[in-house]
Amino acid sequence: MASSHFLYNSHHLYSSNSQINSFRNVSLSLSSSYRVRLSSSFGKKPQFQRTQLVTVMASGSKTDRKQVEIVYDPDERLNKLADEVDMDAGVSRLTLFSPCKINVFLRITSKREDGFHDLASLFHVISLGDKIKFSLSPSKLKDCLSTNVPGVPLDDTNLIIKALNLYREKTGSDKFFWIHLDKKVPTGAGLGGGSSNAATALWAANQFSGCLATEKELQEWSSEIGSDIPFFFSHGAAYCTGRGEIVQDLPPPISFDLPMVLIKPPQACSTAEVYKRLRLDQAISIDPLTLLEKISREGISQDVCVNDLESPAFEVLPSLKRLKQRIIAAGCGQYDAVFMSGSGSTIVGIGSPYPPQFVYDDEEYQDVFLSEASFITRAANQWYTEPFAMNASSSPADISHSV
């Protein structure tokens with residue numbers, strides 16, 4: 001609450017019908033205070049709480065001392081002030097959701113001269129993800145990364161730091177950051193968690209810098225540090241070719257209310273070792289565009305969820321093949337499809353959020369990672385949101401402005 005008191009001492013005060021016509025030789029004493037709440041999320045106005053009371057006291061040689069109280073509402077001026085603060089303050093803290101993906105199907109079509117492989121895959125973002133908190137570093141010398149799990153590199157080998165370095169290189173930005181990674185996506189899972197973190201870091205750096213780059217530029221730049229990163233600049237469902245960096249946005253081909261369960265053993269598959277064991281002459285010859293068309297027309301089924309990396313991954317990790325077979329057998333038809341994502345080692349069951357009972361009962365699987373998930377996308381000009389944590393009034397990110 002705020003109050004203002006004005007004391008006017010005038011030699012001449014003329015009043016008629018309780019209206020004051022003029023004041024001369026005025027002296028002013030002002031006492032006022034404002035409580036301003038400046039915490040906003042993507043465009044919310046700062047909230048001002050105030051009541052303004054002006055007390056005018058006048059005296060003169062020809063009049064008795066009089067007091068007039070005037071109540072007024074200065075909303076227009078305060079809203080203009082808020083707009084100026086919003087424009088000048090900029091983003092100082094930002095928390096973003098960093099979702100992972102699955103490959104609904106993954107065809108390896110050829111080996112390239114540079115040693116990589118060409119692929120054709122339906123990538124889709126799902127609701128499992130990490131949270132990353134970004135704050136501007138006052139030192140402007142280096143980025144500082146922390147995380148909640150052991151074993152994650154915190155130096156410039158981490159894709160988050162690589163992404164921030166890339167952004168500064170491309171734009172000339174001088175902003176450095178404190179970053180905390182709240183990790184929920186397991187590593188070595190074939191879910192693209194690290195690639196998503198890098199894409200999220202590029203998006204965040206661009207927000208802090210007033211969007212110096214377009215989304216298309218961020219997508220193109222990101223391919224320099226990882227083949228899967230450009231996909232996350234799609235709207236969440238895309239047909240990806242080349243090394244994965246050629247991204248064709250698609251209308252969501254799969255219902256968002258279709259549940260799934262993710263089951264990942266503690267063992268990881270080495271992507272390099274999986275590709276080393278890949279034999280293209282033994283892969284099925286079905287056209288990936290045929291798979292895409294069938295999914296768009298008929299939905300998910302076991303015969304369309306093809307992954308050419310399954311066989312070599314099962315050679316690298318035979319227990320993974322046994323896990324998939326047991327899930328199919330124990331599921332008794334509750335899953336529309338069971339398949340491996342990426343180069344492993346996550347097995348995905350589409351159609352039910354519940355793992356089979358043996359995963360709980362067998363000591364062999366006491367350390368597996370389990371999570372339910374669903375398909376998600378993102379709106380234009382916004383980053384991904386965590387479906388189960390958001391409410392109707394929430395924004396895609398938690399942004400605080402500093403004054």
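Residue indices begin at 1 and follow the sequence shown. Not measured: the values here are computed from a predicted model.
- Using a 3.5 Å distance cut-off with no hydrogens or angles, the side chains of Asn197 and Ser98 do pair a donor with an acceptor.
- In this structure, Phe208 has its ring center closer than 6.0 angstrom to the ring center of Phe177.
- Within the 4.5 Å cutoff, no side-chain heavy atoms of Asn307 are placed close to those of Asn103.
- Aromatic pair Phe375/Phe256: centroids not less than 6.0 angstrom apart.
- Nearest heavy atom pair, residue Ile284 against residue Arg107, reads O-NH2, 2.7 Å.
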Kindly indicate, with the supporting measurements, whether the criterion side chain to side chain donor-acceptor pair (under 3.5 Å) is fulfilled by Asp118 and Ser110. CA-CA 5 Å; Asp118 282 319; Ser110 63; 3.2 Å; yes

What verdict does the side-chain contact (heavy atoms from CB on, under 4.5 Å) test give for Val104 and Phe123, after you've listed the backbone C-alpha separation in whole Å, the side-chain angles of each residue and the deciding distance to 0.1 Å? CA-CA 6 Å; Val104 181; Phe123 282 58; over 6 Å; no

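- Tested against Lys183, the residues Asn148, Thr147, Asp130 include a single side-chain hydrogen bond (donor to acceptor under 3.5 Å, both in side chains) partner, Asp130.
- To the nearest 0.5 Å, the span separating OG on Ser371 from CG on Leu128 amounts to 4.5 Å.
- Atom CZ of Phe176 sits about 7.0 Å away from atom CG of Asn165, to the nearest 0.5 Å.
- One distance of note links CE of Met260 with CG of Asp336; it measures 11.0 Å at 0.5 Å rounding.
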Show the numbers, then the answer: is there a side-chain contact (heavy atoms from CB on, under 4.5 Å) between Asp228 and Glu245? CA-CA 6 Å; Asp228 288 351; Glu245 84 284 5; over 6 Å; no

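- Of the possible polar contacts, none joining the Ser341 side chain to the Leu191 backbone as a donor-acceptor pair under 3.5 Å is found.
- With a 6.0 Å radius and a threshold of 12 heavy atoms from other residues, nucleotides or ligands, Asn381 has its CG atom at or below the threshold.
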As a quick check of understanding, evaluate side-chain contact (heavy atoms from CB on, under 4.5 Å) for Ile328 and Tyr335, giving each step before the final call. CA-CA 8 Å; Ile328 293 173; Tyr335 304 113; over 6 Å; no

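- If you run ring pair (Phe, Tyr, Trp, His ring centres under 6.0 Å) between Trp203 and each of Phe97, Tyr167, Tyr384, Trp383, only Trp383 comes through.
- In this structure, the side chain of Asp143 does not engage the main chain of Trp178 through any donor-acceptor pair within 3.5 Å.
- Closest approach of Lys175 and Ser209 over heavy atoms only: CD-OG, 3.9 Å.
- Nearest heavy atoms, Asp308 versus Val306: OD1-CG1, 3.9 Å.
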Set out, in order, the CA-CA distance, both residues' side-chain angles and the distance that settles salt bridge (charged side-chain N to carboxylate O under 4.0 Å, His left out) for Lys324 and Glu310, then state yes or no. CA-CA 10 Å; Lys324 178 188 174 182; Glu310 273 195 5; 2.8 Å; yes

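- Listed for the Glu217 side chain is a donor-acceptor partner under 3.5 Å among the backbone atoms of Thr214.
- Atom CD1 of residue Ile347 and atom CG of residue Leu320 lie 4.0 Å apart, to the nearest 0.5 angstrom.
- Contact annotation: the side chain of Cys269 approaches that of Ser345 to within less than 4.5 Å [non-hydrogen atoms, C-beta and beyond].
- Using a cutoff of 4.0 Å between basic side-chain nitrogens and carboxylate oxygens, Lys170 and Glu224 are scored as salt-bridged.
- Side-chain contact between Gln207 and Leu94: present, with at least one pair of heavy atoms (C-beta onward) separated by less than 4.5 Å.
- Although no hydrogens or angles enter the test, the distance criterion places no donor-acceptor pair under 3.5 Å between the side chain of Thr346 and the main chain of Gly190.
- Side-chain atoms of Arg277 and Val316, non-hydrogen and from C-beta on, do get closer than 4.5 Å to each other.
- Salt bridge status for Glu364 with Arg322: present, with a side-chain N to carboxylate O gap under 4.0 Å.
- For the pair Ile376 and Ser127, the minimum side-chain heavy-atom distance is below 4.5 Å.
- Between Ser173 and Thr171, the side chains place no donor N or O within less than 3.5 Å of an acceptor N or O (distance only, hydrogens not considered).
- Here the closest heavy-atom approach between residue Met340 and residue Ser343 is recorded as CE-C, 3.7 Å.
- Annotation: cation-pi pair Arg93/Phe134 absent, no NZ/CZ under 6.0 Å from the ring centroid and within 45° of its normal.
- A salt bridge links Lys131 with Glu386: the distance from a Lys NZ or Arg NE/NH1/NH2 to an Asp or Glu carboxylate oxygen falls below 4.0 Å.
- When each of Asn158, Leu154, Ile132 is checked for a side-chain contact (heavy atoms from CB on, under 4.5 Å) with Ile179, only Ile132 meets the rule.
- Using a 4.0 Å cut-off between charged side-chain N and carboxylate O, Arg279 and Asp281 make no salt bridge.
- Nearest heavy atom pair, residue Ser121 against residue Leu106, reads CB-CD1, 3.6 Å.
- Considering only heavy atoms from C-beta on, Gln219 stays 4.5 Å or farther from Phe231 through its side chain.
- To the nearest 0.5 Å, the span separating NE2 on His124 from CD1 on Ile300 amounts to 9.0 Å.
- Annotation: side chain of Phe358 is in contact with side chain of Leu323 (closest heavy-atom distance under 4.5 Å).
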Could you give the side-chain donor-acceptor pairs of residues 235-244 under 3.5 Å, partners two or more places apart or in another chain?
unit_1 : atom_1 : unit_2 : atom_2 : d
Arg243 : NH1    : Ser227 : OG     : 2.5

Decide yes or no on side-chain contact (heavy atoms from CB on, under 4.5 Å) for Leu258 and Ile350, but give the supporting numbers first. CA-CA 7 Å; Leu258 185 63; Ile350 299 286; 3.5 Å; yes

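- Annotation for Phe105 and Pro288: closest pair CZ-O, 3.5 Å, computed over non-hydrogen atoms.
- For the pair Leu291 and Leu122, the minimum side-chain heavy-atom distance is 4.5 Å or more.
- With rounding to the nearest 0.5 Å, the separation of OG in Ser319 from CD in Gln267 is 5.0 Å.
- Both the sub-6.0 Å distance and the 45° axial angle are not jointly satisfied by Arg378 relative to the ring of Phe233.
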